[in-house]
Amino acid sequence: MKIGIPCEISLNEYRVAATPKTVERLIKQGFEVFIQKGAGKKSDYSDQEYENAGAIIANSAEEIFSHSKIVLKVREPSLEEISMMHEFTLLICYLRPAQNSELLESLRLKKISAISVESIPRITRAQKMDVLSSMANISGYRAVIEASFYFGRFLNGQITAAGKVDPAKVLVIGAGVAGLAAIGTANSLGAIVRAFDTRKEVSEQIESMGAQFLTIDINEDGATATGYSKVMSEAFIKAEMELFLEQAKDVDIVITTAQIPGKAAPLLWMDYHVSAMKSGSVIVDLAAESGGNCQLTKSGEIYTTENGVTIVGKINQLPKQASQMYGTNLCHLLDELGNAKDFKIDFENTVISQAMVTHDGVLNWPPPPLPVAAAPKPVVKETKKDTQIETLQKEAKKIKKKAKSTLISLLFTALLLFVLGSFAPADFIQHFTVFVLAVFVGWQIINNVSHALHTPLMAVTNAISGIIVIGGLLQTNNDPSNILTILSFVAILVASINIVGGFVVSHRMLNMFKK
């Protein structure tokens with residue numbers, strides 16, 4: 001099965017649908033790859049690199065379209081390009097189906113199966129095919145780099161021979177993929193970063209990236225099931241505009257990222273916000289192509305306002321990196337279609353059914369709603385009161401059991417002492433009583449301490465062992481055959497071993513904390 005990659009005819013498009021690395025992958029997937037001469041030139045990929053990767057170089061777009069069963073592009077095709085395609089060709093590219101009804105009709109009449117890459121559902125299984133996230137990640141990163149260039153000063157604070165340099169203050173509006181990428185980049189460059197989003201759920205993500213989450217005192221959440229923000233109430237928008245006006249007077253760089261696929265970008269940064277900004281400030285509008293979040297943005301232009309604010313309406317999308325990521329997304333999509341060996345357009349596949357806008361002369365736009373998984377059965381949780389009662393009952397049982405075992409132990413000890421007191425000599429009873437009391441006290445001291453704390457208590461155990469050594473010395477006499485002398489010697493030996501071992505362990509512990 002043949003795949004064709006033509007040159008992009010748009011003058012502002014520098015990406016290409018396949019790179020030498022993704023060509024190698026396509027060939028491993030079983031495809032025969034044709035690429036138009038010079039297709040990768042704007043992305044800094046030479047024809048020789050494609051040939052080395054195994055692609056066949058075609059001299060014209062007509063040759064690509066006439067020989068290919070599958071066509072991979074970045075931008076939507078022109079009517080002339082559609083006329084060169086055969087029926088039942090599979091076209092994969094950006095199509096902007098909500099704005100290009102005439103284009104979809106042309107594809108339908110030509111019976112071309114067209115997959116709109118921006119219509120791939122944003123579900124977990126389709127993340128590896130999500131070109132919107134891939135490109136947004138690059139946009140967010142590049143927005144900060146472009147802003148720092150036009151800002152003309154350090155982003156991080158510094159103490160130099162010429163004096164102190166304050167860090168730049170960056171405001172990111174919108175905390176989607178592009179916004180989070182911008183936050184991470186600005187923070188890593190040392191700027192003070194603030195971020196705003198109507199979705200309260202992203203506050204933790206923003207703060208985890210090192211930025212301050214800005215919010216307003218209205219209990220309203222912009223989150224929706226689609227992941228995009230909804231239109232907020234008038235009161236919320238008014239408070240939002242007031243917050244932005246306060247920030248406009250303070251921040252140095254503003255990066256706006258709010259976009260809704262198929263719709264014009266929402267206006268968030270008005271002309272009076274721009275007027276309130278300091279001279280030398282920069283606005284990077286990532287939504288410029290879809291109308292812009294800033295009221296004064298000019299799509300495809302970079303200019304400076306009368307009060308010295310630079311508004312960036314276009315950015316360099318890092319075409320070499322972007323082409324690699326886009327091409328990889330397309331390879332994953334072809335995996336979903338079964339590759340060359342098991343190629344199949346399966347409308348039972350959620351990814352395909354959502355992204356396929358035309359197929360066999362039938363228009364499939366807008367796509368059917370995503371199937372919703374059945375809600376899990378509610379788990380009946382125990383109330384806090386029930387849990388507390390159950391815990392108290394368990395603790396009462398433990399205390400009762402422990403008291404019973406203690407009573408049995410005491411009775412057994414009393415019986416043993418009574419038997420010994422009836423038959424043993426008076427001197428033995430005296431020493432045995434001291435021994436029992438010593439064992440009892442030592443057991444209570446050690447047993448009631450957590451095992452994790454035994455090692456820090458080594459000094460205490462050494463002190464107890466020292467007392468045993470002294471007591472043993474006092475009990476010895478000159479008669480080596482005396483049983484008391486033998487027992488004293490054993491006690492001195494064991495206690496000495498414990499003392500030496502305690503010092504060795506303590507020494508090793510201290511060494512662990514030395515560099």
Side-chain angles (χ1 to χ4, degrees), residues 1-78 80-82 84-85 89-96 114-118 120 128-139 141-142 145-146 289 300 314-335 337 339-340:
M1 186 175 285
K2 296 177 180 179
I3 286 182
I5 299 100
C7 290
E8 297 296 324
I9 59 176
S10 173
L11 296 177
N12 296 323
E13 185 54 69
Y14 292 88
R15 293 170 293 179
V16 63
T19 67
K21 284 187 178 180
T22 62
V23 164
E24 291 177 359
R25 181 165 177 170
L26 290 171
I27 292 172
K28 288 180 181 178
Q29 289 173 294
F31 296 104
E32 189 177 1
V33 182
F34 291 79
I35 186 164
Q36 187 178 348
K37 186 177 181 180
K41 186 176 181 181
K42 290 182 180 179
S43 299
D44 199 25
Y45 293 113
S46 66
D47 292 338
Q48 187 61 51
E49 288 179 278
Y50 284 108
E51 281 189 305
N52 294 341
I56 300 170
I57 306 298
N59 292 318
S60 65
E62 187 176 2
E63 188 178 346
I64 291 289
F65 291 119
S66 61
H67 285 83
S68 304
K69 176 67 176 177
I70 301 173
V71 175
L72 306 181
K73 278 179 56 62
V74 179
R75 297 272 184 166
E76 62 266 29
S78 65
E80 184 182 355
E81 287 178 315
I82 293 174
M84 289 187 275
M85 297 183 195
T89 297
L90 174 61
L91 172 66
I92 304 177
C93 63
Y94 282 92
L95 287 171
R96 296 185 299 155
I115 290 180
S116 172
V117 292
E118 67 266 51
I120 291 172
K128 59 187 177 182
M129 301 168 248
D130 189 355
V131 298
L132 293 179
S133 293
S134 298
M135 299 302 105
N137 188 35
I138 295 174
S139 297
Y141 168 81
R142 189 62 192 183
I145 304 303
E146 296 273 359
E289 194 171 338
K314 68 172 184 177
I315 62 170
N316 183 332
Q317 282 274 10
L318 302 177
K320 191 165 188 175
Q321 179 69 68
S323 297
Q324 177 61 42
M325 295 174 73
Y326 180 77
T328 302
N329 290 142
L330 297 189
C331 288
H332 287 305
L333 181 57
L334 290 168
D335 282 335
L337 289 164
N339 295 323

### Message
Closer than 3.5 angstrom, by distance alone: can the side chain of E13 be matched with the main-chain N or O of V74 as a donor-acceptor pair?
### Response
no
#### Entry: N329 side, atom CG; S133 side, atom OG - distance, nearest 0.5 Å
8.5 Å
## Note on the structure
Taking every heavy atom of P77 against every heavy atom of L91, the minimum-distance pair comes out as CG-CD2, 3.6 Å
### Query
With a 4.0 Å cut-off, would you call E289 and R75 a salt bridge?
yes
### Message
Working to the nearest 0.5 angstrom, can you tell me the gap between E81 CD and I64 CD1?
### Response
11.0 Å
### Message
Check whether Q29 reaches the backbone of L334 with its side chain - one donor and one acceptor, N or O, closer than 3.5 Å.
### Response
no
### Summary
SG (C93) and CD1 (I115) are apart, to the nearest 0.5 Å, by 10.0 Å
### Query
At what distance, to the nearest 0.5 angstrom, does CD of E62 lie from CE of M85?
12.5 Å
### Query
Does E8 have any side chain to side chain donor-acceptor pair (under 3.5 Å) partners at least two apart in sequence or in another chain, and if so, which?
K73
### Task
For the residue pair S139 and I315, establish whether any side-chain heavy-atom pair is separated by less than 4.5 Å.
yes
### Query
Does OH belonging to Y141 count more than 12 external heavy atoms closer than 6.0 Å?
no
### Query
Looking only at heavy atoms, which two atoms of M84 and F65 are closest? And how far apart?
O-CB, 3.5 Å
### Task
For residues R142 and L318, report the shortest heavy-atom separation together with the two atoms involved.
NH1-CD2, 3.5 Å
### Message
Using only atom types and a distance under 3.5 Å, with no angle test, would you say the side chain of Q317 pairs donor to acceptor with the backbone of P319?
### Response
no
### Message
Give me each pair satisfying salt bridge (charged side-chain N to carboxylate O under 4.0 Å, His left out) with a member in residues 27-56, each pair once, sequence neighbours excluded.
### Response
D44-K320
### Query
How far apart are the C-alpha atoms of R25 and D335, what are their side-chain angles, what is the distance that settles it, and do they pass the side-chain contact (heavy atoms from CB on, under 4.5 Å) test?
CA-CA 11 Å; R25 181 165 177 170; D335 282 335; 3.4 Å; yes
#### Entry: Under 3.5 Å: donor-acceptor pair, side chain of Y50, backbone of A18
yes
### Message
I need the minimum non-hydrogen distance between A322 and I138, along with the two atoms involved.
### Response
CA-CD1, 3.4 Å
### Task
Could you tell me whether the side chain of S43 and the main chain of Y14 form a donor-acceptor pair under 3.5 Å?
yes
#### Entry: F34 atom CZ: more than 12 heavy-atom contacts under 6.0 Å
yes
## Note on the structure
Between I3 and L26 the two heavy atoms that sit nearest each other are CD1-CD2, 4.0 Å
### Message
Between N316 and E146, is there a side-chain donor-acceptor contact under 3.5 Å, judged purely by atom types and distance?
### Response
no
### Message
Assess, by modelled atom type and distance only, whether the side chains of E63 and N59 contain a donor and an acceptor separated by less than 3.5 Å.
### Response
no
### Task
Take V117 and I92 through the test side-chain contact (heavy atoms from CB on, under 4.5 Å) and record every step on the way to the result.
CA-CA 7 Å; V117 292; I92 304 177; 3.7 Å; yes
## Note on the structure
Shortest non-hydrogen pair, I5 vs A39, comes out as O-CB, 4.3 Å
### Query
Taking atom CD1 of I70 and atom CZ of F31, what is their separation to the nearest 0.5 Å?
4.5 Å
### Message
Which residues pass the side chain to side chain contact (heavy atoms under 4.5 Å, CB included) test with T19, not counting sequence neighbours?
### Response
K21, T22, Y45, S323, Q324
### Query
Hey, what do you get for NE2 (H332) to CG (L337), rounding to the nearest 0.5 Å?
13.5 Å
### Message
Looking only at the side chains, is there a donor atom on one of S46 and Q48 sitting less than 3.5 Å from an acceptor on the other?
### Response
no
